[in-house]
Amino acid sequence: METQRGRGTVLGLVPARGGSKGISRKNARLLAGKPLLAYTADAARGATGLSRILLSTDDPEIASIGKAAGLEVPFLRPAELAVDSTPMIDVVLHAIQWVRDQGLSYDAVCLLQPTSPLRSSASIDYCISLLWEHDVDSVMSVRPVPTEYNPYWVYFEDSGGLLRPSMGDKTEVPCRQQLPRAYHADGSVFLARTEKILKEHSLKCKRMLGAISPEHEAVDLDTEEQWRALERKLRHES
């Protein structure tokens with residue numbers, strides 16, 4: 001394993017199970033003539049900060065697609081870790097354990113979900129550089145929350161149907177200029193130090209930085225409508 005500029009080794013992990021709720025067989029499906037999985041494989045292979053890239057799947061067809069796209073597929077994920085209710089952290093922990101069983105270890109793990117096909121190699125490397133340069137425990141790609149959805153201006157409905165401030169009893173912020181900056185995870189990159197993942201059982205560790213994704217990369221495919229819209233966009237650009 002090579003260490004990028006002495007900073008640390010990073011295991012790239014692409015999770016792609018066979019089942020899917022919102023978009024049927026999405027990980028084996030063609031998007032604008034190219035397998036969805038191949039978009040993430042290309043970005044991962046172009047990232048200089050990743051030491052190794054594994055595909056975690058339970059599906060032989062997806063495994064073949066991943067291999068053709070240049071991903072390493074040294075195991076098939078157990079069926080019990082490939083159901084709708086499986087937490088992603090369990091998939092990550094399984095991969096870490098598999099690597100350790102081979103007598104290897106990596107300083108960090110970078111999770112790259114295929115449902116973010118427009119994420120670039122540069123964005124992956126930027127997240128990795130933040131991890132080392134700022135000596136934090138994890139980095140997550142994010143997008144700014146629109147002002148009107150800032151938590152200080154959001155309300156929850158209680159069991160009685162009454163609206164309650166999402167921030168509880170905290171003082172209301174009267175104007176947008178005084179609102180703290182808020183971000184939401186865009187699903188593109190989740191990166192964390194391996195020791196912290198094992199300790200906190202999370203990729204979102206206590207000392208975490210956000211890396212703002214370029215707007216054109218921040219696509220997270222969950223529905224057929226989103227798929228069709230992105231396919232039209234990609235075919236129009238080609």
Side-chain angles (χ1 to χ4, degrees), residues 11-47 50 52-95 98 109-125 127 140-143 184-191 203 213-238:
L11 175 67
L13 181 64
V14 180
R17 67 190 181 94
S20 175
K21 261 190 173 180
I23 304 172
S24 179
R25 294 289 293 170
K26 63 188 175 189
N27 289 313
R29 187 169 167 180
L30 296 181
L31 176 65
K34 178 178 175 178
L36 176 66
L37 188 56
Y39 290 89
T40 290
D42 289 347
R45 291 170 59 232
L50 295 177
R52 185 181 187 184
I53 310 160
L54 301 184
L55 172 65
S56 173
T57 185
D58 63 310
D59 189 284
E61 180 186 2
I62 294 174
S64 295
I65 294 170
K67 289 177 182 177
L71 299 177
E72 187 179 348
V73 194
F75 59 81
L76 283 180
R77 193 196 311 173
E80 61 270 22
L81 292 180
V83 296
D84 290 338
S85 59
T86 301
M88 187 58 71
I89 187 60
D90 288 354
V91 176
V92 174
L93 292 171
H94 172 263
W98 183 89
V109 177
C110 182
L111 185 74
L112 302 168
Q113 301 180 110
T115 45
S116 295
L118 301 189
R119 152 237 302 113
S120 66
S121 303
S123 290
I124 298 171
D125 280 333
C127 290
M140 178 174 68
S141 61
V142 297
R143 287 292 301 160
H184 67 87
D186 65 9
S188 178
V189 180
F190 294 94
L191 171 69
L203 288 165
S213 296
E215 185 175 2
H216 67 277
E217 292 186 17
V219 173
D220 189 10
L221 294 174
D222 286 322
T223 66
E224 285 285 349
E225 183 179 9
Q226 291 172 332
W227 183 286
R228 289 192 294 270
L230 180 56
E231 186 152 44
R232 287 193 298 269
K233 177 179 182 294
L234 292 174
R235 289 192 182 280
H236 177 73
E237 293 175 350
S238 63

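Between the side chain of Ser121 and the main chain of Ala43, a donor-acceptor pair closer than 3.5 Å is present. A donor-acceptor pair is defined here as one N or O able to donate and one able to accept, closer than 3.5 Å; no such pair exists between the side chain of Glu72 and the backbone of Arg52. Remark: the backbone N or O of Leu37 is not paired with any side-chain donor or acceptor of Asn27 at under 3.5 angstrom. Put simply, the side chain of Thr57 gets close to the backbone of Ala16: a donor and an acceptor are under 3.5 Å apart.
In this structure, Pro74 and Trp98 have side chains that are in contact, with non-hydrogen atoms separated by less than 4.5 Å. Between Ser213 and Ser123, every side-chain heavy-atom pair lies at or beyond the 4.5 Å cut-off. Proximity of Leu36 to Ile65: side-chain heavy atoms (C-beta onward) are nowhere separated by under 4.5 Å. Side-chain contact between Cys110 and Leu11 is absent, with no heavy-atom pair separated by less than 4.5 Å. Proximity of Pro117 to Leu234: side-chain heavy atoms (C-beta onward) are nowhere separated by under 4.5 Å. Between Arg77 and Pro15 the shortest side-chain heavy-atom distance falls below 4.5 Å. Between Thr40 and Ser116 there is no side-chain heavy-atom pair separated by less than 4.5 Å. For the pair Lys26 and Thr115, the minimum side-chain heavy-atom distance is below 4.5 Å.
Nearest heavy-atom pair across Pro78 and His94 is CD-NE2, 3.4 Å. The two residues Ile62 and Ala28 make their nearest non-hydrogen contact at CG1-CB, 4.1 Å. In terms of heavy atoms, Leu118 sits closest to His216 at CD1-O, 3.3 Å.
Atom CG of Leu203 sits about 4.5 Å away from atom CD1 of Ile89, to the nearest 0.5 Å. Atom CG of Leu50 sits about 10.5 Å away from atom CG of Leu13, to the nearest 0.5 Å. The distance from the CG atom of Leu71 to the CZ atom of Arg45 is 7.5 Å, given to the nearest 0.5 Å. Atom CD of Glu231 sits about 10.5 Å away from atom CG of Leu221, to the nearest 0.5 Å. With values rounded to the nearest 0.5 angstrom, Leu55 atom CG is found 9.5 Å from Lys67 atom NZ. With rounding to the nearest 0.5 Å, the separation of OG in Ser56 from CZ in Phe75 is 4.5 Å.
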*Please walk me through it: do Val189 and Leu112 pass side chain to side chain contact (heavy atoms under 4.5 Å, CB included)?*
CA-CA 5 Å; Val189 180; Leu112 302 168; 4.0 Å; yes
*Can Arg29 and Trp227 be said to form a side chain to side chain contact (heavy atoms under 4.5 Å, CB included), step by step?*
CA-CA 11 Å; Arg29 187 169 167 180; Trp227 183 286; 3.5 Å; yes
*I would like to know whether Ile124 and Arg119 meet side chain to side chain contact (heavy atoms under 4.5 Å, CB included); could you show each step before the answer?*
CA-CA 8 Å; Ile124 298 171; Arg119 152 237 302 113; 3.7 Å; yes
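Considering only residues two or more places apart in sequence or on other chains, Arg17 meets the salt bridge (charged side-chain N to carboxylate O under 4.0 Å, His left out) condition with Asp84.
We find that Asp59 and Arg25 are joined by a salt bridge, their nearest charged nitrogen and carboxylate oxygen being less than 4.0 Å apart.
Under a cut-off of 6.0 angstrom, the local environment of CD in Glu215 is sparse, with at most 12 non-hydrogen atoms contributed by other residues, nucleotides or ligands.
In the model, Ser188 has no side-chain atom that pairs as donor or acceptor with a side-chain atom of Glu217 under 3.5 Å.
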